[in-house]
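Below is one structure, written out as structure tokens; comments come after it.
Being a predicted model, the structure only gives us computed values, none of them experimental.
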Amino acid sequence: MGLVTAVTWSFTALVGIYLLYLWLSGGGLRQQATKVTRFPVVLIFSHPTLAVTGLVCWVAFLLTGSKVLAWVSFGVLASAALLGFTMFTRWLGGGRHARGAERRFPVLAVLLHGLAGVATFVLVLLTASVARSL
């Protein structure tokens, strides 16, 4: 189950990279000064930083079998998930009148990223719960 989790996590990351690319190419960083975007830079970059950190811990767990690393991954992923949920609610709040670079986000990409993220969260929780330290 640990390897399936890593694959799901990687898929989530790839879709997230695509969304980050759309935000950056749509002028998200330039729009910070004028407050046009609903996504603060700290939020935009903390979410993927935490997610990648959690993935690195997860890979370390898969290599070592350390139950502590599995739970550290879960904690870091939970933080990333909270930030992701914050961005999702801000994106939803824009609705038809979304402003800034986030209005370019395809609904399908946002849904894929969110659903894969929830699946990853559940898989990490389940795997960490049954993990035994080697």
Side-chain angles (χ1 to χ4, degrees):
M1 193 156 59
L3 190 55
V4 171
T5 303
V7 169
T8 305
W9 204 327
S10 298
F11 173 77
T12 306
L14 287 174
V15 178
I17 289 168
Y18 171 67
L19 291 170
L20 180 60
Y21 165 77
L22 289 177
W23 188 80
L24 289 171
S25 66
L29 284 176
R30 290 186 307 273
Q31 295 170 355
Q32 291 299 306
T34 59
K35 302 284 186 195
V36 172
T37 180
R38 295 179 187 269
F39 296 160
V41 172
V42 171
L43 185 60
I44 282 286
F45 291 108
S46 295
H47 172 68
T49 300
L50 285 169
V52 168
T53 302
L55 180 57
V56 168
C57 291
W58 189 255
V59 170
F61 157 69
L62 292 177
L63 294 174
T64 66
S66 169
K67 190 172 184 171
V68 171
L69 283 172
W71 284 110
V72 168
S73 295
F74 176 74
V76 174
L77 179 60
S79 299
L82 285 172
L83 294 177
F85 185 72
T86 300
M87 284 193 287
F88 179 67
T89 56
R90 285 174 171 239
W91 180 74
L92 279 180
R96 298 181 314 159
H97 308 289
R99 349 175 283 205
E102 59 272 12
R103 75 178 176 274
R104 297 179 59 198
F105 290 170
V107 173
L108 181 60
V110 173
L111 290 177
L112 278 175
H113 184 67
L115 290 174
V118 168
T120 301
F121 184 85
V122 170
L123 287 170
V124 169
L125 177 60
L126 292 175
T127 306
S129 297
V130 299
R132 293 191 175 97
S133 290
L134 298 177

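- Nearest heavy-atom pair, V76 versus G54, reported as atom, atom and distance to 0.1 Å: CG1-N, 3.6 Å.
- Residues V7 and L115 do not share a hydrophobic cluster, defined by chaining ILVMFWY side chains whose heavy atoms lie under 4.5 Å apart.
- In this structure the side chain of V124 reaches within 4.5 angstrom of the side chain of W9, judged on heavy atoms.
- Across F121 and A81, no two heavy atoms sit closer than the pair CD1-CB, 4.5 Å.
- Taking both residues in full, the closest heavy atoms of A6 and L62 are given as CB-CD1, 4.0 Å, listed atom of the first, atom of the second, then distance.
- L77 contributes atom CG, which lies 9.5 Å from atom CH2 of W58 (distance to the nearest 0.5 angstrom).
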Residue pair V122, L126: steps toward the side chain to side chain contact (heavy atoms under 4.5 Å, CB included) verdict: CA-CA 6 Å; V122 170; L126 292 175; 3.9 Å; yes

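- Residue V42 comes nearest to S46 through the heavy atom pair O-OG, 2.6 Å, listed as atom of the first residue, atom of the second, then distance.
- In this structure, V107 is not a member of the same hydrophobic cluster as V118, with clusters built from ILVMFWY side-chain heavy atoms closer than 4.5 Å.
- Here the side chains of L22 and P106 are in contact, with some heavy-atom distance below 4.5 Å.
- One finds the OG atom of S79 at 11.5 Å from the NE2 atom of H47 (value rounded to the nearest 0.5 Å).
- Residues S66 and W71 have side chains not in contact (no heavy-atom distance under 4.5 Å, counting atoms from C-beta outward).
- A single hydrophobic cluster is not seen to contain both Y18 and V52; linkage of ILVMFWY side chains at heavy-atom distances under 4.5 Å, directly or through other members, places them apart.
- In this structure, CG in L123 is found 12.0 Å from CZ in F74, a value given to the nearest 0.5 Å.
- Note that the CG atom of L69 and the OG1 atom of T64 stand 4.5 Å from one another [nearest 0.5 Å].
- What you find for A51 and A80 is that their closest heavy atoms are N-CB, 3.8 Å.
- Nearest heavy-atom pair, V15 versus A109, reported as atom, atom and distance to 0.1 Å: CG1-O, 3.3 Å.
- Atoms CH2 and CG, on W23 and L20 in that order, are 8.0 Å from each other to the nearest 0.5 Å.
- Residues F105 and L43 are members of one and the same hydrophobic cluster, defined by side-chain heavy-atom contacts under 4.5 angstrom among Ile, Leu, Val, Met, Phe, Trp and Tyr.
- A 4.5 Å side-chain heavy-atom check between V72 and F61 finds every atom pair outside the cut-off.
- L112 and L14 fall into different hydrophobic clusters, where Ile, Leu, Val, Met, Phe, Trp and Tyr side chains are chained together by heavy-atom contacts under 4.5 Å.
- Put simply, OG1 on T8 and CE on M1 are 11.0 Å apart, with the number rounded to the nearest 0.5 Å.
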